[in-house]
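As the structure is a prediction and not an experimental result, all values here were calculated from the model. The first residue of the sequence shown is numbered 1, and numbering continues consecutively from there.
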Amino acid sequence: HALVAQDLAIDFLPVSVFWGRAPGRQRSWLRLMFAEDWTLVGRTARLLSTFVNGRSTLVHFGDPAPLADFTGQGLEARRSVRRVARRMRAEFRNVRAATIGPDLSHRRTIVAEVLGMRAVRAAASAEMRDRNLSRREALGVATRYAYEIAADYSHRFVRFMDVLLTRLWNQLYDGVEVLNAERLGAAEGAQVVYVPCHRSHMDYLLLSYVIYHRGFVVPHIAAGVNLNLPVIGRFLRKGGAFFLRRTFKGNALYPQVFTAYLQVLMGRGHSIEYFIEGGRSRTGRLLPPKTGMLSMTLRAFLRDPSRPVVFVPVYFGYERLFEAKTYVGELSGRPKEKETILGLLRALPQLRERFGRVYVSFGQPLDLGAHLDAHAPGWRGHPAGDARPPWLGTAVDSLAATIQCRVNAAAAISPVALLALALLSTPRQAMPEADLVRQLELCRRLAELAPYARDTWCTPMVAPDIVDYGIALNLVERVPHPLGTVVKMGEECAVLAAYYRNNVVHAYALPSLVACAFVSQPAMTREDIGRLAWRVYPYIAKELFLHWSEDEVPAAVDRVLDSLVTLGLLRRETTDGVERWHRPPTGTTEAVQLSVLANATLQVIERYYLAIALLLQAGSDAITQDALESRCQQMASRMSLLYELRSPEFFDRPLFRQFLDLLRHRSVIGTSPAGRLVYGQPLLDVARDAQFVLSEQIRHSILQVTHG
């Protein structure tokens, strides 16, 4: 109080010291044995740990706390001291939990806590009645479920895997780029839920490794029960994996046990990780989210909202996929291969190959309480005991969409992705090297002048080096020619390149959409460009998880137009107060660049026009949505064969279903009492606008296939 009276600006700066918790320096087995954990040790053991881990120490500086915050309101000195001590204890406890995790209980203790929860007991009683079991037998079933689910986390195993994975990454990759890593500390003191996209089986190993190497505890990871293989499953449990079945249908007890286990983990403060896409993406795009885990997380939060929950989106970008050959087979029509020990052994020779770099990027964290305030304002008044509030479904859907948008906003545009984006926009996946270099540089400049999002990163590698890099990874090859070297991509590489392009195509969706407006029109007014963008954007935004709202699109389009003018791809002209944009003269280098840029999303618009053409051909009130989806898939597959399209998602039936659902949601089409699709002028307006975006040749090709 005397210091405050002297008007001194004094801050308390909490500092936590962890002996043996600096992962970047831990390479000694002796240091691993004495690394930091929650175990209480004597002075001798602590002294030995200090000597052994002297070079492997993590020092964490917290946020400053002004002394004036604790001495205001005329508090006595003793009460101020207690407030300071309480605040510092909470700070140290939160930092310790974030760094080495909450204190671990034995697996049996956690299972016993799960079985003792009221919801599990009630579900077990229902199981007794439905299956005519004794109480002991019903609880035995619940116990088996709990042990099937529960992790068996081990600090020592995690520290062992840190050493092993370091060697593995050095063998497989040229480097692991971690972007926006400061986001990891943004949720300190809250319940952290990591929600990454799912590209590969390497995802959860990489994310746990990166989190551990940034000084935070490895999360508990929700994994499919298909990964609970002999021996492997046990190791995954020790690394924090807990297992869930693909479906909960037909079993009322299992979901109650799983939800209770998730609630226990959250109540103890363990960070959690799960993939809301459900499975790995085979096309490279984000998959429509499956909201089961999000719903359970939200309901667990509603039971105890005192501890904030923060979602941390994570983006993965690979320059070469470990499962590439498997994905090519599946995209070619082979059934999905089940995970087996034999399959793992067959993959071991791939460890000798080179897989380029991998990018792990953390998106903007999402506070669950703030999200509910915006999308379900009355949630705080909801009684904790209610089974399911009426607004839950809408809140979960908006939460899933927001997470996916933030994952895409944290995209890493790699050299391989740029090569794929440029070459797959050409008919034969080949370009003169000089043209390819110009197109790559155009894409890099667009990412600088009109960045997709603040968190989006683009490679600093210059265009000629990108070509050399692609050749070194065997993605492309140079073909000498007297008139100039041609860079081309092989047929098998083209299928994989579509995957890498789809990782970042959303970042170029709006520039490509604007370029599409000039495919068949030499000049466009701002009003026409805006109308076309307004017509198409909602459908592309839904498919690619773009982050702009419809109100933000006009400003984003203006930024893109300004960037294209700066790059020389468009020319602005004002006549009689009307602004017009003109494309470059046909045959010029700039005209070729604009056309290649348009092709990045042209196939998406072609797919939409194909669905509309087939619906118009069938007539209003003449076909059901299910039949139209099937017809769309067949026609798209035929077009893919006729025109050698290298995009497996072009004939993906769920994308047609999503497009038709959105047309119904926006009242462009409707459903008759007989269940058939009906339409009127709004659909005809959309079809008319497609003439401005698609060239006459493309429209005729689609109509020829549909009439055929």
Test your reading of the model: is there a side-chain donor-acceptor pair from [X] to the backbone of [Y], 3.5 Å cut-off?
X      : Y      : value
Arg237 : Ala150 : yes
Gln404 : Ala401 : no
Thr291 : Val396 : no
Arg121 : Leu115 : yes
Gln263 : Ala300 : no
Asn408 : Leu544 : yes

Starting at [atom1] of [X], measure out to [atom2] of [Y] and round the result to the nearest 0.5 Å.
X      : Y      : atom1 : atom2 : result
Met266 : Arg303 : CE    : CZ    : 10.0 Å
Arg144 : Leu253 : CZ    : CG    : 10.0 Å
Asn180 : Asp455 : CG    : CG    : 4.5 Å
Leu286 : His198 : CG    : NE2   : 12.5 Å
Phe242 : Phe258 : CZ    : CZ    : 5.0 Å
Met293 : Glu273 : CE    : CD    : 10.5 Å

Answer whether the closest heavy-atom distance between the side chains of [X] and [Y] falls below 4.5 Å.
X      : Y      : answer
Phe311 : Asp367 : no
Val192 : Phe216 : no
Leu372 : Phe301 : yes
Ser295 : Leu392 : yes
His547 : Arg406 : no
Leu13  : Pro64  : yes
Ile276 : Ile403 : yes
Tyr261 : Met117 : no

How about [X] and [Y]: are their ring centres within less than 6.0 Å of each other?
X      : Y      : value
Tyr359 : Tyr315 : no
Phe545 : His506 : no
His270 : Tyr153 : no
Trp457 : Tyr452 : no

task = Could you give me the CA-CA distance, side-chain angles and deciding distance for Leu366 and Leu368, then say whether side chain to side chain contact (heavy atoms under 4.5 Å, CB included) is met?
result = CA-CA 6 Å; Leu366 176 62; Leu368 180 55; over 6 Å; no
request  = Just do the side-chain hydrogen bond (donor to acceptor under 3.5 Å, both in side chains) check on Tyr145 and Asn251 with the steps written out, would you?
outcome  = CA-CA 11 Å; Tyr145 288 159; Asn251 190 331; 2.7 Å; yes
What are the two closest heavy atoms between [X] and [Y], and how far apart are they?
X      : Y      : result
Gly278 : Lys290 : CA-CD, 4.1 Å
Ile211 : Val217 : CG2-O, 3.3 Å
Val158 : Gly239 : CG2-CA, 4.4 Å
His375 : Pro377 : C-CD, 3.8 Å
Arg199 : Phe316 : NE-O, 3.0 Å
Val358 : Leu206 : CG2-CD1, 3.7 Å

query = Counting only heavy atoms not in Phe157, do more than 12 sit closer than 6.0 Å to its CZ atom?
reply =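 Above 12, so yes.
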query = Does Arg245 make a cation-pi contact with Tyr254 (under 6.0 Å, within 45 degrees of the axis)?
reply =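 Judged by the rule (NZ or CZ under 6.0 Å from the ring centre, within 45° of its axis), Arg245 counts as positioned above Tyr254.
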query = Among side-chain atoms of Asn226 and Arg246, is any donor-acceptor pair under 3.5 angstrom?
reply =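 Present: a donor and an acceptor within the cut-off.
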message = Would you say His371 and Ser398 are linked by a side-chain donor-acceptor pair, where the criterion is simply a distance under 3.5 Å?
response =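 Yes - a donor-acceptor pair under 3.5 Å links their side chains.
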ask   = For Val360 and Val314, what are the C-alpha separation, side-chain angles and deciding distance, and is it a side chain to side chain contact (heavy atoms under 4.5 Å, CB included)?
value = CA-CA 7 Å; Val360 183; Val314 187; 3.9 Å; yes
Under-4.0 Å salt bridge between [X] and [Y]:
X      : Y      : result
Arg280 : Asp203 : no
Arg268 : Glu113 : yes
Arg131 : Glu137 : no

task = Pick out which of Met88, Arg87, Arg86 makes a side chain to side chain contact (heavy atoms under 4.5 Å, CB included) with Val84.
result =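 Between Val84 and the candidates, side chain to side chain contact (heavy atoms under 4.5 Å, CB included) is satisfied uniquely by Met88.
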request  = Check step by step if side chain to side chain contact (heavy atoms under 4.5 Å, CB included) holds for Thr166 and His213.
outcome  = CA-CA 10 Å; Thr166 298; His213 266 248; 4.2 Å; yes
query = Going through the distances and angles, do Tyr194 and Leu184 end up as a side chain to side chain contact (heavy atoms under 4.5 Å, CB included)?
reply = CA-CA 10 Å; Tyr194 297 99; Leu184 285 171; 3.7 Å; yes
